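Quick caveat, the model's predicted, so the values are computed rather than measured.
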Amino acid sequence: QVQLIESGGGLVQAGGSLRLSCAASGLTFSTYSIGWFRQAPGKEREFVSAIGRRGSTTYYANSVKGRFTIARDNAKNTVSLQMNMLKPEDTADYYCAADRSFALHSTTASYDYWGQGTQVTVSS
């Protein structure tokens, strides 16, 4: 049974930082690309970032480029998302997802497994 469990969400002031983690089990972690998505109330789920199987390739949405950093530790089956210079528009539920394909994708349909999400609220 595949599980992806996100943690690290919370309430932070604009300009602050949070570090999200995604812990995976039940899959051969190093054979999956991992993505982060977010969904604000009343909006569609949108791509945030993705990282390749070995961690050497990354992909960011323009809205977070330069502020967020994705990384993975295949020995621990974890992926992190360091979020700096947070803005109120970053407020959303954040989800990690696993994609068994080699390429990095920004569409939700490309991902095979999803976590339950962690809430991030950025106050102005």
Side-chain angles (χ1 to χ4, degrees):
Q1 177 185 359
V2 175
Q3 282 193 309
L4 300 174
I5 301 175
E6 303 92 340
S7 61
L11 173 64
V12 64
Q13 288 188 331
S17 298
L18 280 175
R19 184 181 180 88
L20 305 183
S21 292
C22 173
S25 61
L27 74 172
T28 306
F29 185 70
S30 61
T31 65
Y32 285 78
S33 300
I34 302 295
W36 283 97
F37 289 77
R38 65 188 181 186
Q39 187 166 17
K43 294 188 176 181
E44 292 188 352
R45 193 167 295 188
E46 66 173 5
F47 171 75
V48 175
S49 182
I51 189 165
R53 295 172 176 180
R54 298 180 181 178
S56 56
T57 55
T58 57
Y59 181 22
Y60 296 94
N62 287 336
S63 59
V64 306
K65 200 172 294 183
R67 299 189 298 123
F68 291 10
T69 302
I70 191 170
R72 68 187 293 161
D73 185 338
N74 284 349
K76 296 182 178 179
N77 286 10
T78 58
V79 172
S80 63
L81 184 69
Q82 177 67 41
M83 306 187 297
N84 298 329
M85 296 181 286
L86 283 161
K87 305 174 181 180
E89 50 264 43
D90 295 317
T91 295
D93 292 328
Y94 282 72
Y95 301 86
C96 67
D99 175 5
R100 64 168 58 94
S101 64
F102 184 79
L104 299 184
H105 295 116
S106 61
T107 55
T108 56
S110 299
Y111 289 80
D112 303 289
Y113 303 105
W114 291 83
Q116 293 300 305
T118 186
Q119 188 174 55
V120 171
T121 303
V122 184
S123 62
S124 57

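- Note that CZ of R54 is 7.0 Å distant from CZ of F102, once rounded to the nearest 0.5 Å.
- Counting heavy atoms from C-beta outward, F29 and R72 have side chains that approach closer than 4.5 Å.
- A heavy-atom distance below 4.5 Å is not found between the side chains of L81 and R19.
- Looking at F68 and M85, their side chains never come closer than 4.5 Å, going by heavy atoms from C-beta outward.
- Residues W36 and I51 fail the side-chain proximity criterion, which asks for heavy atoms closer than 4.5 Å.
- Applying the disulfide (SG to SG under 2.5 Å) test to every pair with at least one member in residues 70-124, sequence neighbours left out, gives these pairs: C22-C96.
- The backbone N or O of T91 sits nowhere less than 3.5 Å from a side-chain atom of T121 that would complete a donor-acceptor pair.
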Could you walk me through whether L20 and E6 pass the side-chain contact (heavy atoms from CB on, under 4.5 Å) test, one step at a time? CA-CA 7 Å; L20 305 183; E6 303 92 340; over 6 Å; no
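- A92 meets the side-chain contact (heavy atoms from CB on, under 4.5 Å) test with R38, A40, Y94; sequence neighbours excluded.
- Proximity of T108 to W114: side-chain heavy atoms (C-beta onward) are separated by under 4.5 Å at one or more points.
- Cluster annotation: L4 is connected to V48 through the hydrophobic network of ILVMFWY side chains, with a link wherever side-chain heavy atoms come within less than 4.5 Å.
- Sorted by first and then second residue, the salt bridge (charged side-chain N to carboxylate O under 4.0 Å, His left out) pairs involving residues 91-111 (not counting sequence neighbours) are R100-D112.
- At a threshold of 4.5 Å between non-hydrogen side-chain atoms, the residues H105 and S33 do not count as touching.
- Using a 4.5 Å cut-off on side-chain heavy atoms (C-beta onward), T78 and S21 make no contact.
- Separation of atoms CZ (R53) and OG1 (T28) is listed at 10.5 Å; rounding is to 0.5 Å.
- Below 30°, between 30° and 60°, or above 60°: for F37 and F47 the angle between ring planes is above 60°, a perpendicular geometry.
- Summarising the geometry, atom NZ belonging to K65 is positioned 9.5 Å from atom OG1 belonging to T58; distances are rounded to the nearest 0.5 Å.
- For the pair V122 and K87, the minimum side-chain heavy-atom distance is 4.5 Å or more.
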